[in-house]
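This report refers to the structure that appears directly beneath it.
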Amino acid sequence: GADDVIRVWSVAGGQEIRQLCGHTNWVRSVCVTPDSKLVLSGSLDTIVRVWVLETGQAVHQLSGHTGWVTSVCAVPGGKYAVSASIDRTVRVWDLVAGIQVHQLDGHSDKVTCVAVTSDGRQVVTSSYDGSVRMWSIKAGHQSRQLPGHTLPVTAITLTSDPDAVISASMDGTVRLWSLLSGSCIREFLGHTGPIRSLAALPTGLLATGGDDHIVRLWNVGTGDVIHEFRGHKDIVRAIALAPDGSQLVSAGHDNTVRVWSLATRKMIRTLEGHESWVTCLCTFRNPLSGDDIIASGSYDKTIRLWSLSTAQSLSILSGHTNGLLSLCVAPGNRYLISSAHDRSVRVWDLSTAQQLHQLDGHTASVCSVHPTRDGQHVLSGSLDCTMRMWHIQSGQHVRAFTGHPARITSISSSPDGAYVLTGCSDGCARVWMTDALSAVSGSSTTGSASLPSQPSGTLGHAAYSALPSAGLPDGPRMAVITSIRLLHLLGNQRALSFTGCSLDDVTAAEPVRTLMTQLRDRHPTLPDNVQ
């Protein structure tokens, strides 16, 4: 973060284990290698550093970049790493020898994102020059340039087809590229503004939503617009897929939730009732009745539960005294957990639609809630710079994790589930060990102790969106998403991978002018016309 430090924390003891010190400027990006042995960090000091996660030992200082390091990414296999910089270069490093293997030149402006293909052979990069490029890690040269976008590329989507990549841009287009030929197979035209939300659907379909108020359904295989779901009257903020994959749910700044049939390509109905922006969605299956349920959270301070099949308003969950920021359902689908600007985390019994617990302890807005895999506990991250663990059934406060020098705005986990990552307003991702999670929770787990980005099974898909700024005056607020998204387009799963911090760490305790300065420092892809 801005303190130039990476911190490692024990989930069991709630204490800082060690500090990884060495950078002389802000740490911009943090990445854990697939085997969870090493930490890679990129900084504004132009250095990439390699650390042993278990001991904190500094292994290598990788010098070469002449500008801020914007993104670091580990290559499957653990031998190589890739970094990107505003110096317009991409560099490949040997993590064993600690030396630069290749310098990849070609971009004509800041390189903002890197993603490595699943086979570890290719790197895909996006830049402020509007291009997407593919590089051979082994050969160290550009194998493909994917030009075409006219504004910064905001998202790269690696599909389940190893030969395909999808990119989205602030220019309102989505492009499908062949990694073998480097050619643009097709351009998905239709949006007239930035694309804000993406959802992967079964059988190779893709849904997009953005500033033009339209949800578009695309056939990735043909590039055809299957349908334009029209009905929203403002920005489409979130998209979620029904648990059975048959319907699409969207929400936005027009205060509505809308349900669309993927079979008939028609809007089934509009769910009205919220009196302000709908900022978060999740879908799940009622374990008792088998019915599919939509949960929507709004700035009107309420959560509404809807029947997905009938659109009937089942319950209004009232209790929060300020706008909703996050929703999640614990594995097992018995409990809904919510957080809001009112500084509280609340647990709701879905069988009775009643509040079970109000979890007080945070002293500022709670931006993120995240369940543990065993379904017994929930982690909450707040602007008060703390992360807390709570027992869901009893409401007992288990542990407070202190030491963050900045506000916690998001909680995620490493791909293998061995570590929890907390995102902060200072742009730093901090690492927490989860190997003692079973001891903390008082229960046993199978496999790796993990905190999944979204529960598996019948829970369905939870829509990811950036959080509106807290503390801004009434009226339009800013919400921007800029990240690399790794989506499995086939099947009923979605995974998100972030390099650096994403724009859900935007909070406005500072004046708007300061906020925008910080945003532009952290996110080179933010266009000049965003105010």
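Computed from a prediction, not measured in an experiment: that's the story for all the values here.
- Taking each heavy atom of S339 and S368 in turn, the nearest pair found is OG-N, 4.0 Å.
- With hydrogens and angles left out, the side-chain atoms of H274 and S296 include a donor and acceptor closer than 3.5 Å.
- Nearest heavy atoms, L308 versus P243: CD2-CD, 4.3 Å.
- Listed by chain and number, the residues in a salt bridge (Lys or Arg N to Asp or Glu O under 4.0 Å) with D254 are R258 (sequence neighbours excluded).
- Counting only heavy atoms from C-beta outward, the side chains of W260 and S250 approach each other to under 4.5 Å.
- Between Y299 and H341, the ring planes are perpendicular. Angles over 60° get that label, and only those under 30° would be called parallel.
- Judged by distance alone, the side chain of T256 and the main-chain N or O of L271 form no donor-acceptor pair under 3.5 Å.
- Of the possible donor and acceptor atoms, none in the side chain of D291 sits under 3.5 Å from a partner among the backbone N and O of N286.
- For T363 (side chain) and D384 (main-chain N/O), no donor-acceptor pair under 3.5 Å exists by modelled atom type.
- Put simply, CG on L206 and CZ on R216 are 12.5 Å apart, with the number rounded to the nearest 0.5 Å.
- N333 contributes a side-chain N or O that, together with a main-chain N or O of R285, makes up a donor-acceptor pair within less than 3.5 Å.
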>> Go through it in stages, so that I can follow the logic: the residues are L379 and V369, the test is side-chain contact (heavy atoms from CB on, under 4.5 Å), and I'd like the CA-CA distance, side-chain angles, deciding distance and then a yes or no.
In response: CA-CA 6 Å; L379 296 172; V369 286; over 6 Å; no
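- Here the side chains of V72 and V30 are not in contact, with every heavy-atom distance at 4.5 Å or above.
- Distance alone, capped at 3.5 Å, places no donor-acceptor pair between the T386 side chain and the A400 backbone.
- The shortest heavy-atom contact between A251 and V278 is CB-CG1, 3.5 Å.
- Using a 4.5 Å heavy-atom threshold, the side chains of C280 and S326 count as separate.
- The list of salt bridge (Lys or Arg N to Asp or Glu O under 4.0 Å) pairs with a residue in residues 297-309, not counting sequence neighbours, is empty.
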>> Please determine whether side-chain hydrogen bond (donor to acceptor under 3.5 Å, both in side chains) holds for the pair W26 and S43, giving the CA-CA distance in whole Å, both sets of side-chain angles, and the decisive distance to 0.1 Å.
In response: CA-CA 6 Å; W26 289 14; S43 170; over 6 Å; no
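- Side-chain contact between L38 and L53 is absent, with no heavy atoms from C-beta onward closer than 4.5 Å.
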> Does the pair S338 and W348 meet the rule for a side-chain contact (heavy atoms from CB on, under 4.5 Å), with working shown?
Replying inline: CA-CA 8 Å; S338 60; W348 310 85; 2.9 Å; yes
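- Of the possible polar contacts, none joining the S315 side chain to the L317 backbone as a donor-acceptor pair under 3.5 Å is found.
- The main-chain N or O of L383 is never found under 3.5 Å from a side-chain atom of S365 such that the two would form a donor-acceptor pair.
- Taken to the nearest 0.5 Å, the CZ atom of R49 stands 7.5 Å off from the OG atom of S41.
- For the pairing with C282, the side-chain contact (heavy atoms from CB on, under 4.5 Å) check across I293, L336, V249 returns one residue only, L336.
- Distance OG1/T321 to CZ/R343: 9.5 Å, rounded to 0.5 Å.
- Centroid-to-centroid, the aromatic rings of H232 and H213 stay 6.0 Å apart or farther.
- The backbone N or O of T55 lies less than 3.5 Å from a partner atom in the side chain of R18, making a donor-acceptor pair.
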> Yes or no on side-chain contact (heavy atoms from CB on, under 4.5 Å) for F284 and L350, after CA distance, side-chain angles and deciding distance?
Replying inline: CA-CA 11 Å; F284 60 94; L350 291 173; 3.5 Å; yes
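- Sorted by first then second residue, the salt bridge (Lys or Arg N to Asp or Glu O under 4.0 Å) pairs that include residues 344-371, not counting sequence neighbours, are D342-R346.
- Counting heavy atoms from C-beta on, the side chains of I337 and V329 never come closer than 4.5 Å.
- Taking both residues in full, the closest heavy atoms of Y335 and L356 are given as CE2-CD2, 3.7 Å, listed atom of the first, atom of the second, then distance.
- Side-chain contact check for P331 versus P371: some heavy-atom pair is nearer than 4.5 Å.
- Here the CG atom belonging to L262 is positioned 5.5 Å from the CZ atom belonging to F229, to the nearest 0.5 angstrom.
- Listed here is the closest heavy atom pair of V5 and V27: N-CG2, 4.2 Å.
- Ring planes of W218 and H191: tilted class, angle from 30 to 60°.
- Enclosure of atom CD in E275 is not indicated, since only 12 or fewer non-hydrogen atoms of other residues, nucleotides or ligands lie within 6.0 angstrom.
- In this structure, T279 contributes its side chain and L324 its backbone to a donor-acceptor pair below 3.5 Å.
- To the nearest 0.5 Å, the span separating OG1 on T310 from CD1 on I268 amounts to 11.0 Å.
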>> H377 vs W390, test: side-chain contact (heavy atoms from CB on, under 4.5 Å). Steps then yes/no.
In response: CA-CA 5 Å; H377 295 80; W390 314 83; over 6 Å; no
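- Between R399 and R388 the shortest side-chain heavy-atom distance does not fall below 4.5 Å.
- Between the CD atom in Q396 and the NE2 atom in H357 there is a gap of 10.0 Å [rounded to 0.5 Å].
- Across S380 and V345, no two heavy atoms sit closer than the pair CB-CG2, 3.6 Å.
- Considering only heavy atoms from C-beta on, I214 stays 4.5 Å or farther from V236 through its side chain.
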